[in-house]
Amino acid sequence: MGSTEPLSEIAHDFSPMMIIYKDGTIERLVGNVIVPPSFDPKTNVDSRDVLYLPENTLSARLYIPKNTKDQNQKLPLVVYFHGGGFCVHTACSSTYNNYLNNLVSEANIIAVSVDYRRAPKNPVPCAHDDSRSAIKWVASHVDGDGPEDWLNHYADFQRVFFAGDSSGANIAHHMGVRHCQEILDDWDCFNSSILLGQGSYS
């Protein structure tokens, strides 16, 4: 009779968020439902994923109202940082995909939803460092010659907002502080405001 390998013992149980095992395995208990980018007929919003930091295979999900591409108009830009205690969820989680589709439709904006490395494998401030790289990637489109056409053609860089919920609100706050410091250091790439949020978007 063959033997079966015993399950690894639990090192830390952070239910209902995650469980960490002694062998280093991380079992995330929420935020695991991932959806691909697509056109959402309910909100008339289109989305696609782009790499903003290829060396770490980090991406952001862009959202745009479909009628914008027909009217050739500039829209406010929201850079959104997802929540999850720095440990769970991603920019591609169904929770955030649904929320951003609705936000973009109702507010008539463009959104960049940032994915970042998560703890505990990548502890804070990795999430903040990745998010700063994402903002610099966004800023590369200010003159209309960045790598992403949606931002080049349709984003109004005089109306840029940082937003997030839970740990994402923490990131948005820190990104605003860093940006203000860079304005003082003569690196004012666009006008920005900070929107902080707390809540569950289902």
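Residues V114 and V88 do not share a hydrophobic cluster, defined by chaining ILVMFWY side chains whose heavy atoms lie under 4.5 Å apart. Placement of V35 and V50 in two distinct hydrophobic clusters is found when ILVMFWY residues are connected by side-chain heavy-atom separations under 4.5 Å, directly or transitively. Hydrophobic clustering (side-chain heavy atoms under 4.5 Å, transitive across Ile, Leu, Val, Met, Phe, Trp, Tyr) keeps M18 apart from F86. Connection of V124 to I26 is not established within any shared hydrophobic cluster, with ILVMFWY side chains joined at heavy-atom distances below 4.5 Å, either directly or through further cluster members.
Across every non-hydrogen atom of L51 and T57, the tightest pair is CD2-C, 3.9 Å. Contact between F162 and I135 at its shortest, heavy atoms only, is CZ-CD1, 3.8 Å. When every heavy atom of V78 is checked against every heavy atom of A163, the shortest pair comes out as CG1-CB, 4.0 Å. Here the closest heavy-atom approach between residue S166 and residue G83 is recorded as CB-CA, 4.1 Å. Looking at every heavy atom in both residues, H141 comes nearest to P147 through NE2-CD, 3.2 Å. Nearest heavy atoms, L62 versus E148: CD2-CG, 3.2 Å.
Ring pair F14/H12 is parallel by interplanar angle, where below 30° counts as parallel and above 60° as perpendicular.
Separation of the H174 and F81 ring centroids does not fall under the 6.0 Å cut-off. Ring pair Y96/H89: centre-to-centre distance below 6.0 Å.
Counting heavy atoms from C-beta on, the side chains of W150 and R48 come closer than 4.5 Å. Side-chain atoms of M17 and L29, non-hydrogen and from C-beta on, never get closer than 4.5 Å to each other. Using a 4.5 Å cut-off on side-chain heavy atoms (C-beta onward), S94 and I34 make no contact. A 4.5 Å side-chain heavy-atom check between I20 and P120 finds at least one atom pair inside the cut-off. Within the 4.5 Å cutoff, side-chain heavy atoms of F39 are placed close to those of N44. Within the 4.5 Å cutoff, no side-chain heavy atoms of Y154 are placed close to those of L75. Side-chain contact check for L77 versus D156: every heavy-atom pair is 4.5 Å or farther apart.
H82 NE2 to L100 CG: the interatomic distance, rounded to the nearest 0.5 Å, is 11.0 Å. Taken to the nearest 0.5 Å, the OG1 atom of T90 stands 7.5 Å off from the CZ atom of R61. Between atom SG of residue C126 and atom CZ of residue R118 there is a gap of 13.0 Å, rounded to the nearest 0.5 Å. The structure places CD1 of I110 at 10.0 Å from CZ of R159, a figure rounded to the nearest 0.5 Å. How far CG of N122 is from CG of D130: 7.5 Å, rounded to the nearest 0.5 Å.
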Under the side-chain contact (heavy atoms from CB on, under 4.5 Å) rule, what do L103 and Y99 come out as? Steps first, then yes or no, please.
-> CA-CA 6 Å; L103 177 64; Y99 173 67; 4.2 Å; yes
Mind running side-chain contact (heavy atoms from CB on, under 4.5 Å) on W137 and L53 for me, showing each step along the way?
-> CA-CA 8 Å; W137 178 85; L53 200 61; over 6 Å; no
Which is it for I64 and V104 under the side-chain contact (heavy atoms from CB on, under 4.5 Å) test, yes or no, and what are the steps along the way?
-> CA-CA 7 Å; I64 188 171; V104 167; 5.7 Å; no
How far apart are the C-alpha atoms of K22 and I10, what are their side-chain angles, what is the distance that settles it, and do they pass the side-chain contact (heavy atoms from CB on, under 4.5 Å) test?
-> CA-CA 6 Å; K22 289 186 177 180; I10 294 175; over 6 Å; no
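Between the side chains of Y21 and E9, no donor-acceptor pair of N or O atoms lies under 3.5 Å. The closest side-chain donor-acceptor pair between D40 and T43 falls under 3.5 angstrom. In this model, a donor atom of one side chain and an acceptor atom of the other lie less than 3.5 Å apart for D165 and Y80. One side chain, H128 or N170, offers a donor N or O that lies under 3.5 Å from an acceptor on the other. Using a 3.5 Å distance cut-off with no hydrogens or angles, the side chains of D129 and Y116 do not pair a donor with an acceptor.
Around NZ of K74, the count of heavy atoms belonging to other residues, nucleotides or ligands within 6.0 Å exceeds 12. Within 6.0 Å of the CD atom in E106, the count of heavy atoms belonging to other residues, nucleotides or ligands does not exceed 12.
Side chain of D13 to backbone of S15: a donor-acceptor contact under 3.5 angstrom is found. In terms of modelled atom types and a separation under 3.5 Å, the side chain of N97 and the main chain of S93 share no donor-acceptor contact. Side-chain atoms of R28 come within 3.5 Å of backbone atoms of C87 as a donor-acceptor pair (strictly under, hydrogens ignored). D23 places a side-chain N or O within 3.5 Å of a backbone atom of T25 that can act as its donor or acceptor partner.
A salt bridge is absent between D46 and K66; no separation between the charged side-chain nitrogens and carboxylate oxygens falls under 4.0 Å.
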